[in-house]
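My structure is below; once you've seen it, I'll send some questions.
All ligand and atom numbering here is 1-based and tracks the order in the structure. Positions are given from 1 along the sequence.
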Amino acid sequence: MILVENLHKSFGSAHILKGISTCFDQGKTNLIIGQSGSGKTVFLKSLLGLFTPEEGKICYNDRTYSKLSNDEKMMLRQEMGMVFQGSALFDSMTIEQNVMFPLKMFSSMSKSEMKDRADIVLKRVNLPNAHKKFPAEASGGMQKRVAIARAIVNNPRYLFCDEPNSGLDPKTAILIDNLIQEITREYNITTVINTHDMNSVMEIGEKIVFLKDGYKAWEGSNKEVFKTDNKAVTDFVYSSELFKKVRKMYLENDQ
Ligand SMILES: Nc1ncnc2c1ncn2[C@@H]1O[C@H](COP(=O)(O)OP(=O)(O)OP(=O)(O)O)[C@@H](O)[C@H]1O
Ligand SMILES: [Mg+2]
């Protein structure tokens with residue numbers, strides 16, 4: 001569980017996150033949604049400890065980040081996995097080497113233990129035979145799977161994914177969403193995902209935090225997103241004619 005209270009983040013005079021409070025539950029896929037520039041990536045990087053907020057606090061289960069020593073922060077960092085916007089694989093390394101990288105950095109495993117662990121997670125993301133390929137030889141969907149395997153190789157308690165299905169066709173995008181949700185449940189991880197994809201919202205939006213101009217404009221679940229009259233949400237969701245129709249059908253069926 002991650003608890004956020006009154007989080008503020010600025011860059012110079014640009015005030016980006018303007019007092020966000022929310023809670024991300026363990027074992028659930030928690031989504032941050034909002035338009036481009038609304039502050040999703042800055043928020044996610046603040047949760048990862050890559051940005052230091054000027055005000056507010058973030059608690060990871062019973063640990064308040066600002067009260068931790070440097071060693072404790074380092075230990076917490078090792079409990080986090082991250083899928084960056086655009087996969088961010090190392091081009092000069094094979095898929096297996098990419099996945100083993102966090103183990104080399106953070107574990108004391110032997111080479112053969114690292115290979116075994118990489119093999120387990122590559123199988124888990126349905127890539128049993130891609131170990132020796134390079135990222136350039138893999139499709140976009142495969143690259144996302146590798147990025148997920150690398151993010152979970154260290155058994156994280158917290159998993160952060162920035163637009164994990166951007167650039168994928170709708171079918172592959174849903175497969176990736178479902179894979180992240182399965183892994184989240186299976187390992188009871190607190191997962192936070194940035195997205196502006198409405199299919200993801202409907203498919204895996206167990207908890208949704210909606211950002212607008214750096215404020216939390218709304219929060220709820222995918223079951224509630226069609227029922228709310230919150231203008232920020234309806235403007236975002238129903239910019240698509242398709243979702244206007246989906247909402248109508250959903251509300252009729254819900255009577
Ligand atoms: N390192 C930085 N230094 C200065 N400004 C930044 C920095 N990172 C982000 N910003 C600014 O913060 C604002 C929010 O950016 P952010 O990347 O969080 O948006 P986003 O919601 O993730 O958008 P997208 O959907 O396009 O990824 C933008 O105005 C951006 O220019
Ligand atoms: Mg972003």
Q. Are any of the protein's heavy atoms under 4.0 angstrom from atom 13 (C) of ligand 1, yes or no?
A.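 Looking at atom 13 (C) of ligand 1, one finds that a protein heavy atom does lie closer than 4.0 Å.
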Q | Sub-4.0 Å heavy-atom approach of Gly34 to ligand 1 | A |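 Checking ligand 1 against Gly34, which is what was asked, there is no heavy-atom contact under 4.0 Å.
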Q | Donor on one side chain, acceptor on other, Asp177 and Asn165, under 3.5 Å | A |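 Yes, because at least one side-chain N or O of Asp177 sits under 3.5 Å from a partner of the opposite role on Asn165.
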Q: For atom 17 (O) of ligand 1, grab the closest protein heavy atom and report residue, atom and distance to one decimal in Å.
A: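 I find the closest protein heavy atom is Thr41 CB, 3.6 Å.
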**Q.** Check: Ser21/Glu5 side-chain N/O donor and acceptor closer than 3.5 Å
**A.**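 On atom types as modelled, these side chains do not qualify, holding no pair under 3.5 Å.
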Q) Heavy atoms of the protein only: does one fall short of 4.0 Å from atom 31 (O) of ligand 1? A)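 No, no protein heavy atom sits under 4.0 Å from atom 31 (O) of ligand 1.
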Q: For the pair Phe101 and Phe90, name the ring-plane relationship: parallel under 30°, tilted 30 to 60°, perpendicular over 60°.
A: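 Phe101 vs Phe90 ring planes: tilted.
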Q | Short N-O contact, Lys18 and Glu55, less than 4.0 angstrom | A |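 No, Lys18 and Glu55 are not salt-bridged.
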Q: Check if Gly39 has a non-hydrogen atom at a distance under 4.0 Å from any atom of ligand 1.
A: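 The answer is yes: ligand 1 sits under 4.0 Å from a heavy atom of Gly39.
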Q) Would you say Phe51 has any N or O atom under 3.5 Å from an N or O of ligand 1, going by distance alone? A)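 No, Phe51 has no N/O under 3.5 Å of an N/O on ligand 1.
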Q) Counting only heavy atoms not in Lys207, do more than 12 sit closer than 6.0 Å to its NZ atom? A)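 Buried by this count: over 12 neighbours within 6.0 Å.
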Q) Which residue pairs pass the ring pair (Phe, Tyr, Trp, His ring centres under 6.0 Å) test when at least one of the two sits in residues 159-193, sequence neighbours left out? A)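 Every pair satisfying ring pair (Phe, Tyr, Trp, His ring centres under 6.0 Å) with a residue in residues 159-193: there are none.
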Q) Under a 4.0 Å N-O cut-off, is there an ion pair linking Glu252 with Lys248? A)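 Looking at Lys248 together with Glu252, the answer is yes, because their closest N to O distance falls below 4.0 Å.
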Q) Would the Phe11 and Phe51 ring centres measure less than 6.0 Å apart? A)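 Yes; Phe51 has its ring centre under 6.0 Å from that of Phe11.
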Q: For ligand 1, note which part of Gln35 has a heavy atom under 4.0 Å away: side chain, backbone, both or neither.
A: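 Backbone only.
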Q. With atoms numbered from 1 as shown, which atoms in ligand 1 lie under 4.0 angstrom from a non-hydrogen atom of His196?
A.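 Taking each heavy atom of His196 in turn, ligand 1 has 25 (O) under 4.0 Å.
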(Q) I need the atoms of ligand 1 closer than 4.0 Å to a non-hydrogen atom of Ser36, numbered in the order shown. (A)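 Those atoms are 23 (O), 24 (P), 25 (O), 26 (O).
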Q: Run the salt-bridge test on Arg124 and Glu186 with the 4.0 Å N-O cut-off and return the result as yes or no.
A: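 Counted as a salt bridge, because a side-chain N and a carboxylate O are separated by less than 4.0 Å.
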Q: Answer side chain, backbone, both or neither: which part of Ile16 comes under 4.0 Å from ligand 1, heavy atoms only.
A: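 The answer is the side chain.
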Q: Inspect the contact between Arg157 and Glu79 and indicate whether a charged nitrogen and a carboxylate oxygen are less than 4.0 angstrom apart.
A: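 Salt bridge between Glu79 and Arg157, a charged N being under 4.0 Å from a carboxylate O: yes.
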Q: Distance to 0.1 Å, residue and atom name: give those for the protein heavy atom nearest to atom 7 (C) of ligand 1.
A: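 The answer is Phe11 CE1, 3.4 Å.
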Q) Is any side-chain N of the basic residue among Glu182 and Arg185 closer than 4.0 Å to the acidic one's carboxylate O? A)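 Salt bridge absent between Glu182 and Arg185.
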(Q) Starting from atom 25 (O) of ligand 1, what is the nearest protein heavy atom, named by residue and atom, and what distance separates them? (A)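 Checking every protein heavy atom, the shortest distance to atom 25 (O) of ligand 1 gives Lys40 NZ, 2.8 Å.
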Q. For the Mg ion (ligand 2), how many protein N, O or S atoms come closer than 2.8 Å?
A.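 Every protein N, O or S atom under 2.8 Å from the Mg ion (ligand 2) counted, the figure is 1.
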Q | salt_bridge(Lys9, Glu54) N-O dist < 4.0 Å | A |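 Yes, this pair counts.
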